[in-house]
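Working notes, beginning with the structure itself.
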Amino acid sequence: GFQKQGRFLDVDNLQQYAVLQNRLAAVFGTQPRAEFANPAILGPGTNWQNVIFRTAVEHSHNIAVSGATDKSDFYVSGGYFKQDGTILGYDFDRYSIRGVINSQAKEWLKLGTVFGASRSNENVGLGSNTGIIYNALLAAPDQAVYNADGTFAGPSVVNGQIQGGPNPVQQALNITNNLVRSNVNGNIYADVKFFRDLTLHSELDGDFNWANGQTFNTTYSYGQTGSIPAFHNDNATLNRAITSSTYWSWKEYLNYGHTWGKHNVTALAGREVWESNYNYIPLSGIGFPAGNNVQSIALANAVGASVAEQIGTQVMQSYIGRVIYTYDNKYSITANIR
C-alpha cells in the first residue's frame with residue numbers, strides 16, 4: 001500500500017517571498033536584499049513541505065498453519081509488517097507470532113496453551129515546537145536543502161541578522177529517536193474432570209514486556225557567515241530509557257453443576273493470585289567520538305551523575321465463590337463472594 005499527506009498548507013514561493021521582503025524593507029526603512037531586486041526572474045525556491053513529506057510504502061506479510069485430529073487441534077501464525085512514515089525519518093516495522101494448541105489427552109484431562117510474541121522497531125522524528133514539521137513551515141523558500149558540496153545548507157545572514165532556522169531535512173536524517181519494544185505472552189491450562197459434575201480448571205498466565213528507547217542528537221553545524229555563528233551543536237548527546245514489566249497469574253477453579261427435575265445448581269470455588277513488576281532506568285551521556293557512529297553510553301565523555309531508577313511491584317490474592325440456583329429455567333438466585 002501507499003500513504004501520503006492529504007493536504008498541504010499554502011505557502012509563499014520564492015517570488016512571493018521576495019516581494020514580501022521588499023515591502024517589509026520599505027516599511028522598516030532597511031536596505032532591501034540585492035538578490036530580491038527583481039523577483040520576477042527568481043525560481044520557485046524551496047517548498048519545504050514537498051521536501052519533508054513523501055509518498056510512503058507499507059507492506060504486510062502473514063502465514064498461518066492449522067490442523068486437527070479427533071482429539072487435538074492447533075493454529076500457528078506469523079507476520080511481518082513494515083511501514084514507512086509520510087515524514088522523512090519516520091518508519092515502523094514489527095515481527096509477530098501467535099499460536100493456539102488444545103488437546104484432549106485423556107477422557108478426564110484436557111490441556112491447552114495460547115502463546116504470542118512480537119518485536120517492533122519505531123523511528124520517530126522530533127515533534128512539537130522544535131520539530132521537523134514546525135521548522136519546515138517556518139523555513140523560508142530562499143534557503144536551500146544542500147550546499148553545492150553536498151553538505152546541509154544553513155540559514156543566511158542578512159544585515160547582520162540570521163534569516164531562517166534549523167534545516168528540517170538535516171534534523172530528520174541526523175537526529176535519532178528510536179524505540180524498540182518486545183513482548184512475550186501466553187497461558188497454559190488444564191481441565192481435570194473428577195466425575196461428571198465436578199471439574200477443576202488450572203491456568204497459568206504471563207505477560208512480559210521490554211522496551212529500549214533512545215534519542216541521539218549528533219554534533220552538527222549549519223555553517224557560519226562572517227562573524228555570526230549559525231545554529232550548531234558541538235557535543236553529541238544520548239538519552240536512553242530502558243523499561244521492563246512482568247505480569248503473571250495463577251488461577252484454580254472448581255466447577256460443579258447438577259440438574260435434577262426442575263432444579264439446577266451450579267457452583268464455583270477458586271483461588272487466584274497475580275503479581276506485576278515494573279522497572280524504569282533512564283541514562284544519559286554527552287560528548288562522543290567524531291563521527292557519532294557508535295551510540296553507546298559507555299563512549300560518552302560525561303555520563304549522568306545520578307540514575308533515577310523507578311521500581312514498582314503489585315501483588316494480589318483472591319478467593320472466589322459463587323452459587324447459582326435455578327428453578328424450572330425461569331427463576332434464579334445467585335450468591336457471590338470474593
Are there more than 12 heavy atoms of other residues, nucleotides or ligands under 6.0 Å from atom [atom1] of [X]?
X	atom1	result
Asp149	CG	yes
Glu107	CD	no
Gln310	CD	yes
Asn336	CG	yes
Lys251	NZ	yes
Ile311	CD1	yes
Arg54	CZ	yes

Hey, are the side chains of [X] and [Y] touching, using non-hydrogen atoms and a 4.5 Å cut-off?
X	Y	result
Leu254	Phe194	yes
Ile281	Glu309	yes
Phe288	Leu238	yes
Phe81	Glu58	yes
Gln15	Tyr17	no
Pro141	Asn13	no
Arg271	Trp250	yes
Ile52	Ile133	yes

Is there a chain of hydrophobic side chains (I, L, V, M, F, W, Y, each step under 4.5 Å between heavy atoms) that links [X] to [Y]?
X	Y	answer
Val273	Leu204	yes
Ile337	Ile320	no
Ile132	Val124	yes
Ile41	Phe36	no
Val180	Ile175	no

Report task. For Tyr80 and Asn62, run side-chain contact (heavy atoms from CB on, under 4.5 Å): C-alpha distance rounded to whole Å, both residues' side-chain angles, the deciding distance at 0.1 Å, then the answer. Result -> CA-CA 7 Å; Tyr80 172 68; Asn62 296 278; over 6 Å; no

Report task. Could you tell me whether Glu122 and Arg181 make a salt bridge, using a distance below 4.0 angstrom between a side-chain N and a carboxylate O? Result -> yes

Query raised in the report: Between Arg338 and Glu272, is there a side-chain N and carboxylate O pair less than 4.0 Å apart?
Result: yes

Distance in Å, [X] [atom1] paired with [Y] [atom2], rounded so as to fall on 0.5 Å steps:
X	Y	atom1	atom2	answer
Gln49	Leu137	CD	CG	5.5 Å
Arg240	Ser284	CZ	OG	11.5 Å
Ser72	Asn102	OG	CG	9.0 Å
Arg98	Tyr75	CZ	OH	9.5 Å
Asp142	Asp12	CG	CG	11.5 Å
Leu198	His258	CG	NE2	12.5 Å

With no hydrogens and no angle check, is any side-chain donor or acceptor of [X] less than 3.5 Å from a backbone partner on [Y]?
X	Y	answer
Thr219	Asn235	no
Thr326	Asn329	no
Glu203	Asn187	no

Query raised in the report: Would Asn167 and Trp48 satisfy side-chain contact (heavy atoms from CB on, under 4.5 Å), going step by step from the backbone distance to the final call?
Result: CA-CA 10 Å; Asn167 186 322; Trp48 288 96; 3.7 Å; yes

How close do [X] and [Y] get, heavy atom to heavy atom, and via which atoms?
X	Y	result
Phe216	Ala236	CZ-CB, 4.0 Å
Phe152	Asn147	O-ND2, 3.1 Å
Gly43	Leu14	O-CB, 3.3 Å
Tyr280	Ala241	CE1-CB, 3.7 Å
Ser182	Arg119	OG-NH1, 2.8 Å
Ala153	Gln143	O-NE2, 4.0 Å

Query raised in the report: Quick check, are the ring centers of Tyr325 and Tyr331 under 6.0 angstrom apart?
Result: no

Have [X] and [Y] got a donor and an acceptor in their side chains that come within less than 3.5 Å?
X	Y	answer
Gln171	Asn135	yes
Asn239	Thr215	no
Asn178	Asn123	yes
Ser249	Asp205	yes
Thr313	Asn277	yes
Thr199	Asn255	no

Query raised in the report: Does the pair Thr86 and Gln5 meet the rule for a side chain to side chain donor-acceptor pair (under 3.5 Å), with working shown?
Result: CA-CA 7 Å; Thr86 57; Gln5 295 293 325; 2.8 Å; yes

Requested in this report: Might you work through the side-chain contact (heavy atoms from CB on, under 4.5 Å) test for Phe74 and Val65, ending with a clear yes or no?
Outcome: CA-CA 8 Å; Phe74 73 93; Val65 180; 4.0 Å; yes

Report task. Would you please classify the geometry between the Tyr327 ring and the His263 ring as parallel, tilted or perpendicular, with 30° and 60° separating the classes? Result -> tilted

Query - Steps toward side-chain contact (heavy atoms from CB on, under 4.5 Å) verdict (Asn209, Asp207) - result: CA-CA 7 Å; Asn209 295 275; Asp207 188 88; 2.6 Å; yes

